[in-house]
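Data first, discussion second: the structure below is written as structure tokens.
Sequence lines set the chain letters: A, B, ... in the order given, protein chains first and strands last, and positions in each chain run from 1.
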Amino acid sequence: MYTLINKIIEGLLVAIFGLLVIDVVWQVISRYIVGQSSSFTEEFARFSLIWLTVLGAAYINGQQEGHLAMDFLLSKLPEAKRKGRQKVIQISMALFALVVMVIGGGNLVYTTLRLGQTSSALHLPLGYVYAIVPLSGLIIIFFSWYNIKKLNK
Amino acid sequence: LESNTKVMYFAHSLPITHPVHRAILDMKESLVQKSDGQLQIKVFPDGQLGTEREVLELLQIGSISMTKVSAASLSNFAPDYQVTSIPYLFRDREHLFKVLEGEIGKELLLSSTEYLLRGLCFYDAGARSFYAKKNQIGSPEDLNGMKIRTMNDQMSVDMVNTLGGSATPMAYGELYTALQQNVVDGAENNIPSFVTSNHYEVCKYYTFDEHTMVPDVVVIGTRFWDTLNENEKIWLQEAADESVVKQKQYWEETVAENMKVLKQAQVQFLYPDKSEFSKMTTPLLERMMRDEKMKTVIEKIRSE
Amino acid sequence: MSIELISVLVLFISFAVLLLYGVPVAYSIGISTTLVLVINMAFMPSVTTVGQRMTTGIDNFALLAIPFFILAGELMNRGGVANRLIAFAKSLIGSLPGGLAYVNIISAMLFGAISGSAIAAASAIGSTLTDKMEKEGYPRQFSAAVNISSSTTGLLIPPSNVLIIFALASGGTASVAALFVAGYLPGILVGLVLMLMVYIYAKRKKLPRADRVGFRQLLIHFKDAFLSLTLLIIVVGGIVAGIFTATEAAAIAVIYATFLGFLNKELHLADLRGILLKSAKTTAIVMFLIATSMAMSWVFSFEGIPQMLTGLMVDSVSNPILVFLLINLILLIVGTFMDMTPAVLIFTPIFLPVAMALGMHSVQFGMVIVLNLCIGVCTPPVGTLLFVGSGVAQVSVGKVIKPLLPLLMAMVFVLFLITYFPEISLWLPKLFGLID
Ligand code: NA
Ligand code: NA
């Protein structure tokens, strides 16, 4: 399960990043060669960056080398105490993911979809863009659970 | 503060020197008087709490209560407002406000309540016209091949492209540098924005083609509106309506002052034959008329 | 106690506690932000607002330059660009006493000037030069100290991701183009002062000079490095000449770095997936931090904290010289325990209005805060660059501190020059007409 989720996210991240580069390079080329810049390359790029960031952040939660932290105090603690703290840290990240990303982000998706707000250039429902937030929240919770299980071993 | 005091968070994206901000402060004052201090407004200018789109979303979410946005921004939430962005639909300022302050305007303001956004009143945002760094735009032909910054919405992009220019949507904050560095050759906006943005330092030609007259709208989130009692609703609506009169007056004063600044800075003004521009943009109007509901509204506006 | 004061206390205390406990910075910021909003309004609007601010905070075309410069730096790192720059720098100034230390500084400046990342510069150059410097008589910890401090110049010399982040945090009062052009003089000044320090050290220790390189050899190395150096002109020249925006320039840098890597035959098609993934990870870490910081800075505005602080500081200490000194001291302390990106994002909205109210230009303030925090990334306990630089030199962090200290003092000296002489930061952007 852990490996499968990682594989899927890795594939998505590489694809989004690759498309981002192509998209912005195309924007420059089209302005100079075709003479017109389209408003949807910019919007596509901005939305891709949101997906890359939020999904990527969830992915980092499952990695050994995680998010930036002040862990210099942590490394000085004896092993049992350190593991205890690490579990609390995992739980607080999962709580943030649950409250802000799953509940708050979920409500954001629900609100924007129900009220039908669309983006100005691509006419994409904004809810689809925001959908990555609750989705990544769930992934973070999964990784926290996985990491705690590993700490218990 | 007493416990029955209600505080409204009012966010907008304009500087405190702008006529809109002054009108909002008037609204705030008059509301305090009417409600005997029960209704308070806390104003956040300068886009401190987000762009127009983001703040409208916060109104829907319920963390911010009021805002002032362009009707163009509102049309991404409530499509009926699109009608205000059609080039040359309004003959002049008088026609515009006759429509906005009549039956059509009232319907428009209420059209967004199903999206949790209730319009309170319309503010004058003047007419948008082209300005350029090097080119004197005297007719649509002069726009040929010119890169013109537009707002990031389909109507603005299509309008510039239909007139023969090359629309370059871009964030407003990046525009000054973009003009300076020739990333774009020109842009379009009303006189007060042309001055407050300092774009006149770079662009020395302003053409009064007055392609659109998109008004500003004062909006309250229905999540907050519904917490007000009948009296409070009446006070707020009255305060808003009173501020409209003031806002129009401030706007005219500002434009007059701005014109002095522009003349001093040796900006040249061009007054072209607007019908040439208007004729070229008819395809946009026709496209909007394909929608039956929109067609009825447009015909009603034209007959006013 | 007013709700505003309670909010401020909750915000800063909970943030400090979470941070010290070891909760990742991005999450600490997000959790404190949420706590404050929940005090101020109902649960559902607060948590939804935090989610919205995080997302809209990164919904910004200008920020796209960050992933692109990260990717370009990674591509250059793998594509053999660093080695060519080092060879060129060596043939240029290697014959001075203690030549390789200068080579290190110049290479770091050049690599930083094209990649936008100090970490990339420190790891690419440190791993190549430390052994060679040891043979020339430099203790490994001294080489590491030189490498670490000189790599910060890449954060001032454009392109620079942290300057893009500053432009964002300044709320549009400073443009990326103006900041990029402004960064040259402070960045070069730091490089020169560090070279002076090395000169004093080399004289005292009587370090040998390398053989003089012939003009023909210099030409050969220049030819090898030429294509890499061209990137410098394409990126910054393109932005200043208005051919493209900073974001587009960054995308061009990606394409160009890929092309160089293939040309140098050190990059292969099969490497691209791994490089994209690695860059995506770095991007996610930086951008997620930006996302939660943007939510926090929204709460700052909502509570009126910057205005409150500006009033307080401007009223109580009206002397600009003292206020600037105070801001610098606070930032130097902040920099010891906080990484650059969050520090820029959190303290710009607080201190920039104060500095501007006292007549400092936003572009100059950008130089001050970035150079100040450049010193911070070299100091324990949180010093990303210190750890990377010690790591590649294979010496313990503790040993590096002693030779690093005088170099950092030299940087503090430059910091005060930049704080009190605005022209160092503003002369170039004025010359190019990027600011009034
Ligand atoms: Na750089
Ligand atoms: Na530090």
Set out, in order, the CA-CA distance, both residues' side-chain angles and the distance that settles side chain to side chain contact (heavy atoms under 4.5 Å, CB included) for C:Met54 and A:Val54, then state yes or no.
CA-CA 9 Å; C:Met54 282 172 61; A:Val54 182; over 6 Å; no

With heavy-atom distances below 4.5 Å as the criterion, would you say the side chains of [X] and [Y] are in contact?
X        : Y        : value
C:Asn60  : A:Arg46  : no
C:Phe61  : A:Glu43  : no
C:Lys281 : A:Glu65  : no
A:Ile103 : C:Met44  : yes
A:Ile140 : C:Tyr27  : yes
A:Asn61  : C:Pro24  : no
C:Thr56  : A:Tyr130 : yes
A:Leu49  : C:Leu63  : yes

Check whether more than 12 heavy atoms from other residues, nucleotides or ligands sit under 6.0 Å from atom [atom1] of [X], and answer yes or no.
X        : atom1 : result
A:Tyr110 : OH    : no
A:Lys83  : NZ    : yes
A:Lys87  : NZ    : yes
A:Phe142 : CZ    : yes

Side-chain donor or acceptor of A:Arg85 paired with backbone N/O of C:Tyr21 under 3.5 Å:
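Side chain of A:Arg85 to backbone of C:Tyr21, a donor-acceptor pair under 3.5 Å: yes, one is there.
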
Closest approach of [X] to [Y] (non-hydrogen atoms, all atoms of both residues):
X        : Y       : value
C:Ala284 : A:Gly56 : CB-C, 3.3 Å
C:Ile285 : A:Gly66 : CD1-O, 3.9 Å
C:Ala280 : A:Leu13 : CB-CB, 4.3 Å
C:Thr247 : A:Val24 : O-CG1, 4.4 Å

Counting only non-hydrogen atoms closer than 4.5 Å, does [X] touch chain A with its backbone (N, CA, C, O), its side chain (CB onward), both, or neither?
X       : value
C:Ile66 : neither
C:Thr55 : both
C:Val23 : both
C:Ile31 : both

With a 4.5 Å cut-off on heavy-atom pairs, point out which of [options] contacts chain A the most.
options                             : result
C:Thr341, C:Thr33, C:Thr49, C:Leu71 : C:Leu71
C:Val50, C:Leu64, C:Leu289          : C:Leu64
C:Gly30, C:Ser28, C:Ala26           : C:Gly30

Go through the steps to decide whether A:Val21 and C:Ile255 satisfy the test side chain to side chain contact (heavy atoms under 4.5 Å, CB included), and finish with yes or no.
CA-CA 8 Å; A:Val21 177; C:Ile255 300 297; 4.1 Å; yes

Considering only heavy atoms, which portion of A:Ile60 lies under 4.5 Å from any heavy atom of chain C: side chain, backbone, both, or neither?
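For A:Ile60, the contact with chain C is made by the side chain alone.
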
Tell me, side chain or backbone of A:Gln63 under 4.5 Å from chain C's heavy atoms, or both, or neither?
side chain

First locate atom [atom1] of [X], then atom [atom2] of [Y], and finally report the distance between them rounded to the nearest 0.5 Å.
X        : Y       : atom1 : atom2 : value
C:Leu277 : A:Phe17 : CG    : CZ    : 10.5 Å
A:Leu52  : C:Ile58 : CG    : CD1   : 9.0 Å
A:Asn107 : C:Thr48 : CG    : OG1   : 3.5 Å

Between A:Leu74, A:Val99, A:Ile132, who has the most heavy-atom pairs with chain C when the cutoff is under 4.5 Å?
A:Val99

I'd like to verify something: which residue of A:Ile16, A:Leu20, A:Val133 has the highest number of heavy-atom pairs under 4.5 Å with chain C?
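Greatest number of close heavy-atom pairs with chain C: A:Leu20.
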
Mind telling me whether C:Phe288 and A:His67 have parallel, tilted or perpendicular rings, with 30° and 60° as the class edges?
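Tilted: the ring planes of A:His67 and C:Phe288 meet at 30° to 60°.
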
